[in-house]
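Computed from a prediction, not measured in an experiment: that's the story for all the values here. Hydrogens, waters and symmetry mates are skipped; everything else that's a heavy atom, side chains included, is used. A note on names: the letters A, B, ... follow the listed sequences, proteins ahead of strands, and every chain is numbered from 1.
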Amino acid sequence: MLRNSRTERLVALVLVAPFLAIYLLAFVYPTVQMFRISFTDAPLIGAGRWVGLDNYLRLDNDPMFRRALWNTAYFVLMTVVPGTLIALLIALGVSRLKGRFQAIVLALFFLPYILPVSVVYLIWDWTLNFQFGIAMHVLDWLGIPRVPVFKSRVWFLPAVAGVTIWWTAGFSILLFLAGLRSIPVEIYEAAALDNSTRWTTFRRITWPLLWPITSLVFTIQLILQLKIFDQVYLFSIGGRPNDNMVLVYYVFQKAFQQNQGGRAAAVAVTLFVLVVVVSVLQFQLLRFAERRRR
Amino acid sequence: MNAMAAQRWNFWGGIITALTLVWAILWAFPLYWGVISSLKPDDEVIRPYIELWPETPTLENYISALTTTQIGAWYVNSVAVAVGVTIITIFISMLCGYAISQLRFPGRIVLWWLILASFMVPTSALIINHFVLVANLGLLNSWAGIMLPQLIHPVIIIVYKQFFDQVPKDFREAAVMDNASEFGILFKIYMPMNWGVTTALSIVCFIWTWNAFLWPFLSVTRTEMMTITVGITQVNDAFGVYYARQLSAAVLAGLPVALAYLFFQRRVTEAITLSAGIKG
Amino acid sequence: MAGIALSGVSKHFGAVEVIRDVSLDIQPGELVVFLGPSGSGKTTLLRMIAGLESIDEGTLTIDGVRSENLAPGRRNVAMVFQNYALYPHMTVAENMAFGLRNIRVAPDVIGQRIAEAARILEIEALLQRRPSQLSGGQRQRVAIGRAIVKEPKAFLFDEPLSNLDAALRARTRVELAELHQRLKSTMIYVTHDQVEAMTLADRIVILNNCRIEQMGSPVDVYARPASRFVATFVGSPAMNILPVTVSGSGDRLNARLTDGSLVELPGAPVNMDWRELGVRPESLTVVAEGNETSATATVVERLGERTLVYARLADGTQVTAQDRGLSSVKAGDAVRLKFDTAALHLFAADGSAWHAR
Amino acid sequence: MAGIALSGVSKHFGAVEVIRDVSLDIQPGELVVFLGPSGSGKTTLLRMIAGLESIDEGTLTIDGVRSENLAPGRRNVAMVFQNYALYPHMTVAENMAFGLRNIRVAPDVIGQRIAEAARILEIEALLQRRPSQLSGGQRQRVAIGRAIVKEPKAFLFDEPLSNLDAALRARTRVELAELHQRLKSTMIYVTHDQVEAMTLADRIVILNNCRIEQMGSPVDVYARPASRFVATFVGSPAMNILPVTVSGSGDRLNARLTDGSLVELPGAPVNMDWRELGVRPESLTVVAEGNETSATATVVERLGERTLVYARLADGTQVTAQDRGLSSVKAGDAVRLKFDTAALHLFAADGSAWHAR
Amino acid sequence: EETVTWWDFLGGGDGVRMKQMISDFNTAHAGKIKIDATTLEWGTPFYAKVQTSAAVGEAPDVMTYHASRIPLAVSQDILEEITAEDMSKMGLSASDFAQTTMGAVTVDGKQYAVPLDTHPIVLYYNRVLLKKAGVLGDDGRPVGMKNKEEFTATLQKLKDAGVEFPLGSVTADGNFMYRTIYSLVCQQGGELLTGNEFLAGDNGKKLANALAVLQGWTKAGLQSTYTDYPATVALFTSGKAAMMINGVWEVPTMTDLAKQGKLFDWGAVEIPVIFDKPCTYADSHSFAIPKNKGKEISPEKRAAVLEVISWMDKHSLFWATAGHIPAYKPVTETAEYKAMEPNATYSTLTANMIFDPKSTKAGVAGPIFDIMSNYFVPTLNGEMDPGEAVKSIKEELNSM
Ligand SMILES: Nc1ncnc2c1ncn2[C@@H]1O[C@H](COP(=O)(O)OP(=O)(O)OP(=O)(O)O)[C@@H](O)[C@H]1O
Ligand SMILES: Nc1ncnc2c1ncn2[C@@H]1O[C@H](COP(=O)(O)OP(=O)(O)OP(=O)(O)O)[C@@H](O)[C@H]1O
Ligand SMILES: [Mg+2]
Ligand SMILES: [Mg+2]
């Protein structure tokens with residue numbers, strides 16, 4: 001198409017400028033700063049001395065950092081894979097339903113997703129409350145000893161992971177449903193004519209055709225869950241934050257509770273790099289898996 | 001499929017449907033339980049047995065949540081921040097998405113890759129420097145301060161670009177032949193043609209902002225400046241059993257988004273799939 | 001090779017009746033085309049035979065076996081879908097093998113059958129590709145291949161050509177006809193394109209309004225349409241239908257057109273309430289001179305080997321006539337039109353029809 | 001009403017040449033069709049006239065004004081896009097008004113023009129609807145209406161019918177022809193469908209391989225194709241092209257087909273390196289008896305008013321022949337084919353052609 | 001009019017009292033000074049906010065502060081000094097306060113806050129249940145307050161009488177249990193910090209003893225397990241727990257509930273002597289002026305702030321209804337105060353109070369708190385052996 005490139009550039013500049021300004025101010029600049037202060041001993045606010053790699057070296061034998069790293073990994077493991085699978089199962093169930101009925105059931109599964117984390121926290125803290133939670137009455141009734149879910153080291157992360165799955169599954173369910181809807185009915189009809197059983201149909205048709213969505217859900221979940229903070233913070237209130245330490249929480253603690261901006265930034269950089277590496281790696285891995293399938 | 005549904009898959013199909021239903025009810029039960037509990041008086045809340053309906057329903061907890069906390073102010077803050085972030089984000093993202101999709105200018109590819117890359121970057125890693133930045137700008141405890149770091153949603157630009165890419169170029173050319181200017185094309189053709197996307201993206205952006213916790217929690221110290229998501233974690237008012245009061249505050253905080261969802265269910269679900277880059 | 005018999009078959013979706021009391025006998029090896037306008041129930045009928053829709057009433061017999069309650073896979077028929085429904089994540093070979101593996105056919109047998117089908121369809125080179133790497137025509141063949149390997153009792157096609165472009169459609173049509181000659185298998189073919197039906201069918205079943213309107217060979221259907229509907233639906237450009245008043249007696253029947261001109265009707269039965277005269281464009285030709293109906297050409301379409309002349313009679317009635325080769329008639333010209341009395345049709349108020357031959 | 005002249009126009013995308021040295025003179029009021037296979041540059045040429053593509057070399061004159069450097073909006077031509085490109089969020093009336101508002105035409109003038117265009121196109125009732133509420137054919141008309149209100153010097157159409165289904169396409173084609181007769185405006189119409197070209201054009205410009213292959217009236221192009229390419233491209237089913245060896249001298253030239261049979265060529269020039277004989281299916285007819293070429297029918301397509309017989313000569317050469325009406329020939333039958341000596345074409349190695357008439 | 005921005009962390013029953021006092025103050029100073037108060041969440045969140053706010057100049061003009069945390073705050077340089085001149089402007093003098101209290105707000109001879117109260121922990125009890133179990137003395141106080149065996153027996157009797165939780169303890173939150181445990185260490189004459197060493201000598205053993213007692217109660221089912229703060233209060237007020245060890249700040253919760261007729265007959269006494277001598281942990285709420293970076297407080301505002309502090313201290317008789325023991329002696333010496341219940345009942349314990357060690361590591365939500373509380377929860381609920389816990393605590397504290 002015939003274009004007047006000078007006007008076009010000018011217009012482009014005008015259109016891109018607002019975003020670029022905010023992007024530079026609220027994203028690029030803080031990112032650069034984060035890297036910079038991670039090499040200093042700055043407090044949260046104010047300048048610090050250049051300490052080189054000191055902050056990073058100290059992480060190496062910082063038990064709290066290790067715990068944070070481990071807990072984060074543990075949490076990711078417990079949310080991402082089961083979360084994806086559960087969402088898939090739910091989506092498969094919901095996709096069978098029709099019309100209004102489907103809308104209602106979907107709403108039941110989806111509602112948690114649109115709630116603020118603090119509401120989710122209050123609801124589950126209440127539901128699983130060790131003294132008064134309804135879940136404990138159910139356990140009593142089943143003759144199972146009560147479980148102090150958010151107060152014990154063993155149960156805390158699994159429980160928060162469970163709540164997180166409950167909270168975020170709606171998103172994945174919708175993606176899966178969109179994926180399922182995009183598989184033409186004819187494919188299933190062809191499979192039926194091909195004598196395919198329910199299980200074969202799932203394994204040989206649905207699952208492979210859903211793979212791109214599955215990997216998308218997986219990636220989104222992974223990036224999201226590595227950033228875990230809100231739930232752990234909230235459920236730890238009046239509990240055992242140090243046992244439940246995760247990376248972002250550690251950044252928060254170092255920076256905002258202990259006023260060690262530089263060291264916090266080093267943790268933040270670690271997280272930053274971790275997320276980027278993991279998502280790049282995972283992207284490659286999934287691509288590889290897909291290629292092998294071909 | 002009807003014949004099959006009618007015949008051999010019928011039995012297992014029925015079981016699966018039933019299981020899905022039961023599961024859905026269990027899934028949503030905590031929500032129900034939260035709402036029901038918030039309607040119970042203090043002594044009922046902590047009864048040691050399951051009571052699916054309040055014996056003496058009361059709004060006392062809501063009244064107390066509304067009167068003893070600054071929930072009104074929190075609402076105003078949340079609405080202001082969420083609306084502000086939504087409008088600004090949508091607007092700048094649309095402009096930027098349009099430019100990247102439709103215009104040729106130096107640095108376009110670089111910009112596009114930057115935006116794609118920042119999709120992966122965890123903003124929560126930036127809290128320290130966001131805090132420093134907003135503090136230096138003197139914006140702590142202000143709407144602008146709560147909004148600023150939340151204005152970066154690369155995914156919205158990505159979705160906009162994809163949509164603008166999909167507009168057949170015929171429209172652009174038809175408009176050019178109709179003597180429309182570049183801004184005319186954007187605001188009179190592309191923007192109105194994609195109202196659906198804009199609404200959908202606005203809805204998700206609103207939900208995200210309304211639900212944001214970490215940053216509002218960090219950047220606000222004054223109770224009256226808190227957003228509702230942060231505010232309700234502060235409702236630990238005096239006297240005895242406070243669970244119901246907390247839950248009533250939670251219900252109040254969740255209600256607007258929940259209602260919005262129930263009213264615009266189709267739009268919201270569409271919006272969510274859109275935000276993941278899938279066309280619904 | 002198996003016969004298929006439908007008897008008194010009905011179907012409704014909710015309150016809407018879609019198929020009403022259809023009976024039909026398909027001979028082994030026959031290629032039957034279901035032809036009808038959109039919504040006439042062609043697809044539904046086909047899917048009922050395949051087992052993808054239940055049959056509300058009536059019986060279905062495939063190869064002598066009562067089948068209305070058999071699962072789709074058990075009926076041993078193969079279907080080629082409009083958009084082919086190839087499994088996008090499997091190679092061509094895997095697509096073909098899928099159905100056979102499900103019934104545990106031995107791997108070497110599967111290999112043989114695939115090779116054989118690929119040979120017939122000339123898709124040997126494509127076996128390791130995925131559907132997305134194929135052109136429309138190639139996909140079409142793979143879909144047929146997937147059907148062939150099952151060695152089914154019958155092939156069911158639902159508008160298999162409608163996704164192809166015009167040129168490819170014409171070519172594939174010919175290929176399909178050849179394939180049928182080679183395989184000699186029972187085939188049911190759904191289309192709403194009358195050219196396809198005319199060129200492919202051993203027998204055409206014309207569906208309209210949930211019922212069978214006519215059933216017969218292409219020649220029959222074209223030359224002796226059972227009803228006004230069939231007359232206008234089959235043939236392109238469509239048959240001219242002109243309101244007439246018929247008068248005269250014995251062998252000397254005449255039809256008076258609305259513009260006043262008379263058309264002779266040798267041999268037409270008297271004493272019927274004839275309302276309309278049908279004449280196909282090729283039987284209404286432009287002639288140089290003579291005592292014929294006169295009209296004004298409005299649009300002239302030169303198709304090369306013939307020319308269509310859209311014309312208006314004196315009273316404004318629109319007709320389509322034909323001239324041979326590249327006609328010199330221009331829009332606006334006055335033309336004389338000649339009715340070929342050996343190829344006229346009459347339609348009565350009660351729906352019955354008479355054909356000059 | 002304005003003439004359009006292209007002179008020595010070229011265009012390339014990067015290293016790929018798309019239009020090479022095209023010159024063309026379009027008379028005011030003429031309807032010119034650009035016909036050619038996919039990728040031949042039809043669209044590109046049209047867009048160059050519209051101003052949507054730059055012209056690398058050569059000149060473009062619209063209504064006497066040198067225009068190759070004018071902005072699209074300034075050339076005062078209107079374009080109807082393949083998928084109409086109606087603004088989906090505007091009503092029909094707004095769609096029409098948009099272009100006029102942009103050049104600040106007075107509102108009452110806009111109103112008048114819309115009313116006038118709507119009257120011509122019979123879309124008065126649709127003015128307040130949105131494109132999504134219109135049928136394909138209605139959209140088509142609105143797209144034309146949007147062009148009409150601009151009172152352009154020329155209308156440019158890029159395959160405007162390709163999105164319509166067959167029946168609607170045929171009807172709309174007739175409507176378009178009528179519209180042109182009424183408006184008498186300059187129109188350029190791009191298509192790769194030769195039927196459209198034949199039926200609509202005052203003049204057909206056949207593009208192939210970046211160049212103009214032939215330019216002439218439909219009759220010309222059909223009866224006297226300038227090249228083998230034109231011969232095979234125009235006409236459906238395509239002209240049979242048979243390799244021949246020509247022998248004899250003076251008036252008594254004969255062509256020997258590969259199966260050994262002889263075809264007389266009355267009046268063909270000698271001393272040319274004739275390589276191929278062209279004959280259209282309608283000039284290669286099935287005859288009952290006689291000393292003609294014999295062949296075996298492979299597929300028989302009964303089209304109603306004529307029957308196409310795909311046949312194989314003794315040496316396996318495929319030909320398409322025609323029989324009148326509903327032929328009784330069946331696949332597998334031996335048939336005798338008669339060449340209409342008055343409608344033969346010869347093609348030489350150097351691309352030149354000779355036509356019997 | 002000067003607006004004084006005020007932060008506190010008083011969310012419980014005492015918060016209501018404080019709001020009342022603020023409103024009274026505003027009425028009394030209408031047109032001159034207005035307090036603009038914000039209540040933040042107690043503990044870590046509050047102190048994290050104070051710290052970050054002070055660093056960016058967003059801190060309030062005055063705030064409540066735990067005396068125990070003042071050394072830490074001073075080391076972070078976020079508090080303004082309260083000079084002698086300030087004290088005299090307020091019409092206060094060091095002698096108006098108990099020496100221990102005053103000492104708690106002084107670091108290196110400089111005063112950094114003005115104490116408002118001292119708030120020990122006490123034992124709340126449900127007279128109805130105790131009576132039912134036969135463990136209510138004729139004086140209306142629980143029996144078995146003299147030693148471990150006696151008290152355990154009391155608890156056991158309650159249990160036998162069908163009380164679900166004889167003792168309600170905040171066993172899910174080490175921060176709160178720290179107070180009880182520290183008290184029990186003190187009852188053995190132990191201390192946390194000796195010179196620069198934590199849990200030197202047999203102090204570790206004493207801590208283990210304290211933990212063992214509590215763990216014993218858990219194991220015997222005498223104490224609520226994994227109970228967070230609100231649940232503990234709820235257990236007690238709903239009659240599920242017969243006794244509760246908690247801060248005096250819950251007194252108003254009880255009095256107000258009782259006033260509404262929603263509570264049983266209750267009482268509060270000094271915590272029992274489990275070991276050798278009576279000793280109770282206490283802290284002090286005080287007023288401090290944050291040092292706002294880059295934002296000097298104006299003299300007028302400072303004067304207003306001092307007026308606020310002074311007024312609050314002088315009117316702290318009302319504050320006493322929040323359960324706390326006013327720090328300002330002229331108030332505690334009034335007859336009105338002396339007649340106040342239940343304060344009078346437990347006022348004897350002032351003699352037995354112990355404050356946190358004076359260390360930059362100490363204080364509410366400080367490092368010691370953090371480290372110890374992390375081990376308390378598993379130990380108290382029987383997940384961890386007391387000796388093991390003490391070992392780890394000792395290691396971690398000393399490696400800080
Ligand atoms: N699942 C369904 N539920 C309700 N009505 C249906 C369903 N499937 C088809 N119909 C209706 O049944 C009638 C026949 O549909 P069918 O698809 O058989 O028509 P068709 O002849 O194949 O038409 P087309 O040529 O458009 O494919 C239509 O009126 C259609 O609307
Ligand atoms: N923007 C472009 N960049 C590069 N090559 C192009 C571009 N547009 C068209 N071409 C090439 O130019 C040639 C002519 O394209 P054009 O669209 O004009 O063909 P056409 O005759 O309209 O074909 P069709 O009938 O398929 O529409 C084609 O080979 C095409 O690939
Ligand atoms: Mg159909
Ligand atoms: Mg084109």
Subject >> Crowding at NE2, D:H180 (>12 non-hydrogen neighbours, <6.0 Å) >> reply: yes
Original post:
Are any non-hydrogen side-chain atoms of B:E173 and D:M79 less than 4.5 angstrom apart?
Top reply: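 No, side chains not in contact.
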Subject >> B:M177 and D:L52, any side-chain heavy atoms less than 4.5 Å apart >> reply: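 Yes, their side chains come closer than 4.5 Å.
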Subject >> Heavy-atom donor-acceptor pair, B:N179 side chain to D:I103 backbone, under 3.5 Å >> reply: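 Checking the backbone N and O of D:I103 against the side chain of B:N179, no donor-acceptor pair under 3.5 Å is found.
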Distance (rounded to the nearest 0.5 Å) between [X] [atom1] and [Y] [atom2]:
X: B:D178; Y: D:L100; atom1: CG; atom2: CG; answer: 8.0 Å
X: B:K188; Y: D:E94; atom1: NZ; atom2: CD; answer: 11.5 Å
X: D:F98; Y: B:I189; atom1: CZ; atom2: CD1; answer: 3.5 Å

Subject >> side chain to side chain donor-acceptor pair (under 3.5 Å) contacts touching residues 143-155 of chain B (sequence neighbours left out) >> reply: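 Side chain to side chain donor-acceptor pair (under 3.5 Å) check on residues 143-155 of chain B returns B:N77-B:W143.
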Proximity breakdown for [X] and chain B, heavy-atom pairs closer than 4.5 Å:
X: D:R101; value: neither
X: D:V80; value: neither
X: D:N76; value: neither

Subject >> chain D interface, residue from B:P168, B:G184, B:A175, B:S181 that has the most non-hydrogen pairs under 4.5 Å >> reply: B:A175
**OP:** Using heavy atoms and a sub-4.5 Å threshold, report which of residues 256-266 of chain B line up against chain D, by residue number.
**Re:**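 Checking residues 256-266 of chain B against chain D gives no residue, so none.
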**OP:** Under 4.5 Å, heavy atom to heavy atom: which of residues 105-139 of chain D reach chain B? Give them by number, or say none.
**Re:**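 Residues in range: none.
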**OP:** Using heavy atoms and a sub-4.5 Å threshold, report which of residues 85-93 of chain D line up against chain B, by residue number.
**Re:**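 Answer by number: D:A85, D:L86, D:Y87, D:P88, D:H89, D:M90.
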